Amino acid sequence: MTQRELIEKVHDEMSGRVPFAEVVRRISKVIAQEGETNFRTMFARLEPASSAYVYAYPGDISDGPWDI
């Protein structure tokens, strides 16, 4: 799954605003569902995806504002 697909999947499942930590948890859950179990590989995908999510959908995050 590409980063864009990952972000869209998490965004589509979102209902209302949530804290950034919840967004990170949901992204990591989707990565784990793909079968990724190596922490370094997961983190290598999680960090840029979470940053991209904040940039793409800042309105979904309740503990902003974000200045990226």
Side-chain angles (χ1 to χ4, degrees):
M1 179 179 296
T2 67
Q3 179 172 299
R4 182 71 178 168
E5 292 169 336
L6 176 66
I7 291 169
E8 290 300 322
K9 181 172 180 152
V10 172
H11 176 69
D12 291 344
E13 295 173 359
M14 197 72 66
S15 59
R17 295 171 52 129
V18 297
F20 181 65
E22 178 65 18
V23 171
V24 171
R25 188 193 69 76
R26 290 179 186 203
I27 292 171
S28 61
K29 180 180 172 186
V30 172
I31 293 170
Q33 287 174 346
E34 290 183 320
E36 188 56 61
T37 57
N38 182 294
F39 176 75
R40 288 183 182 192
T41 306
M42 179 180 273
F43 188 73
R45 292 186 64 200
L46 178 62
E47 192 278 328
S50 60
S51 296
Y53 192 96
V54 171
Y55 182 76
Y57 301 107
D60 286 356
I61 301 169
S62 63
D63 55 354
W66 301 96
D67 186 15
I68 295 179

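The shown structure was predicted, so the numbers you read here are calculated from the model rather than taken from an experiment.
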Between Thr37 and Met42, is a side-chain contact (heavy atoms from CB on, under 4.5 Å) present by the stated rule, with each step listed? CA-CA 7 Å; Thr37 57; Met42 179 180 273; over 6 Å; no
Closest contact, heavy atoms only, [X] versus [Y]:
X	Y	answer
Ser50	Val24	CB-CG2, 4.0 Å
Gln3	Ala49	OE1-N, 3.8 Å
Ser62	Pro19	OG-N, 3.2 Å

Tell me every residue that passes salt bridge (Lys or Arg N to Asp or Glu O under 4.0 Å) with Glu22, counting only those two or more places apart in sequence or in another chain. Arg25, Arg26
Only counting residues at least two apart or in another chain, list the ones meeting salt bridge (Lys or Arg N to Asp or Glu O under 4.0 Å) with Glu5. none
Under the ring pair (Phe, Tyr, Trp, His ring centres under 6.0 Å) test, which residues partner Phe43, sequence neighbours left out? none
Answer yes or no: is there a donor N or O on one side and an acceptor on the other, between the side chain of Asp60 and the main chain of Arg17, under 3.5 Å? no
From [X] [atom1] over to [Y] [atom2], what is the distance, rounded to the nearest 0.5 angstrom?
X	Y	atom1	atom2	value
Glu36	Ser28	CD	OG	12.0 Å
Arg45	Asn38	CZ	CG	12.0 Å
Glu8	Thr2	CD	OG1	9.0 Å

Between Tyr53 and His11, how do the two ring planes meet: parallel, tilted or perpendicular, split at 30° and 60°? tilted
Does Ile7 reach the side chain of Tyr57, with side-chain heavy atoms less than 4.5 Å apart? yes
Among Leu6, Ile31, Val30, Thr41, which one satisfies side chain to side chain contact (heavy atoms under 4.5 Å, CB included) with Leu46? Ile31
